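Presented below is the structure to which this report refers.
Since we're looking at a predicted model, the values are computed, not measured. When a ligand or atom number is given, it counts from 1 through the structure's own listing order.
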Amino acid sequence: MTFKLLGVIDPILKALAAEGYSTPTPIQQQSIPILLKGKDLLGCAQTGTGKTAAFAVPILQHLYLNPPHHDGRRKIRALVITPTRELAIQIAESFTVYGKFTGIKNTVVFGGVKQNPQTDALKRGVDILVATPGRLLDLIDQGFISLKDVKYSVLDEADRMLDMGFIHDIRKIIAHLPAQRQSLFFSATMPPEIVALSRQILGNPEKVSVTPEQTTAEKVEQAVYFVNKKKKPDLLMHLLKTEPVYSVLVFSRTKYGADKIVKFLSKKTDIDANAIHGNKSQGARQKALGDFKNGRTSILIATDIAARGIDVEEISHVINYDLPNIPETYIHRIGRTGRAGASGIALSFCDGEERPFLKDIEKLIGKKIPVVEEHPFPYVEADPAAEKPKKEERPPRKKRKPKSAFAWRNENKSIQKKSFPGKRR
Ligand code: AMP
């Protein structure tokens, strides 16, 4: 199968060839002909399947073949709504790459940054707008964006929108769209709320589904370490030193937890680690991601939302520092490694409280994740007898004599910085 056989036109074929895309991925093979015919589409697929080109190529082709009779300024004729800034940026970049010989212009708007550069780009005129919901609504309300000329709309990662509480915003945005348009709707999972929303948005859609979950889960070598919560930092440090890691994505459940891991690693090792999460400025997130992509840092600590759509090939290891309580999230996470046919390794830390999450994950992937028994920080059940006595029963604390920094350093020589054998040069 080739893109040409799917009906893709030359200027786009040229751009795809320049990107080294020789064969369309399954989602592209299924979606492109449907979309070129102008039909609505309900796609069950997640990031990593080639979903972006599956919708970007037909949209670019329609826009190219149907130039507007515009009176000067370009009007927004295609709108893509996506939940995170990272995804929005990546999608806009994809439109630029696939459309580089078409003359079609795009821009991207997302929150957390000043709006002026975004409104300036909008004023210059664009054909395609990629947006996160909050900033999009904001700019519509301020009169910088009109959606009345939109002929193609894409709702990307609908289930994530639901998780992130955007459904209300989505409904408001949809109300601004003209009724006559081609609608595309993508979601990795189809819970009932999402099915209801898709019915509201789509006419009589064609359905396509690719299930990379199982194949990804099969390709990735997985293991679980039972460890007490307190010992997780030590286990992480141990793995970074002993495993042949060169590019590691570590998942933390919370933003605070992600920062704590970075602090711990910088204190105890010479490993350069960065964190990305919603509390970081957009600039800091982009820099952390850039450094990780080009290998300047080998470790990135991320929360699920911030990691959504991170498009880094060759991640050797995913480490689930915390197990997710939603089993599908586990699949999304481990899908960050083992991409483009490569194999990857996913290691998970599981403390006593996380055992039920592990059970749910194993149920979803349909197999037991092998347990690593031999490691220096095995899980120990809390001994009720050894539990801390209640405050009033505790013996009075002895006052410690303050130590000089010099004395402290001498005593703690053993924990001073060590080199990191697995670090990428
Ligand atoms: P996506 O699911 O759109 O995020 O795409 C995942 C990755 O696959 C991206 O790095 C794309 O550049 C890449 N990709 C998409 N389509 C193809 C293709 N037909 N051949 C090779 N790589 C592709």
Worksheet item: At a non-hydrogen distance cut-off of under 4.0 Å, which region of Phe3 contacts ligand 1 (side chain, backbone, both, or neither)?
Response: side chain

Fill in: Side chain proximity check, Leu122 to Leu139, heavy atoms < 4.5 angstrom
yes

Discussion item. I'd like the name of whichever of Pro26, Gly50, Ala45, Ser94 reaches closest to atom 5 (O) of ligand 1 through any heavy atom.
Written reply: Gly50

Practice prompt. Report yes or no: is the cationic atom of Arg355 (NZ for Lys, CZ for Arg) closer than 6.0 Å to the six-membered ring centre of Tyr379, at no more than 45° off its axis?
Written response: yes

Worksheet entry | Proximal ligand 1 atoms for Thr49, defined as those under 4.0 Å from one of its heavy atoms | 2 (O)

Item to complete: Tell me which part of Thr23 gets within contact of ligand 1: side chain, backbone, both or neither, using heavy atoms under 4.0 Å.
Response: backbone

Discussion item. Just checking Phe55 against Phe186, ring centres under 6.0 Å apart?
Written reply: yes

Practice prompt. Given side-chain contact (heavy atoms from CB on, under 4.5 Å), test Asn274 with Ile301 step by step and report yes or no.
Written response: CA-CA 6 Å; Asn274 268 325; Ile301 326 285; over 6 Å; no

Fill in: Sub-4.5 Å side-chain heavy-atom contact between Lys105 and Ile128
no

Worksheet item: Which one of Phe186, Tyr98, Tyr21 has a non-hydrogen atom at the shortest distance from atom 17 (C) of ligand 1?
Response: Tyr21

Worksheet entry | Ligand-residue contact atoms, ligand 1 with Thr52, heavy atoms, under 4.0 Å | 1 (P), 3 (O), 4 (O)

Worksheet, complete the sentence: Going by the 4.0 angstrom heavy-atom rule, the piece of Gln28 near ligand 1 is side chain

Worksheet item: Cationic tip of Lys14 within the cone over Phe101's six-membered ring, i.e. under 6.0 Å and within 45° of the normal?
Response: yes

Worksheet entry | Distance filter under 4.0 Å to Lys51 heavy atoms, resulting ligand 1 atoms | 1 (P), 2 (O), 3 (O)

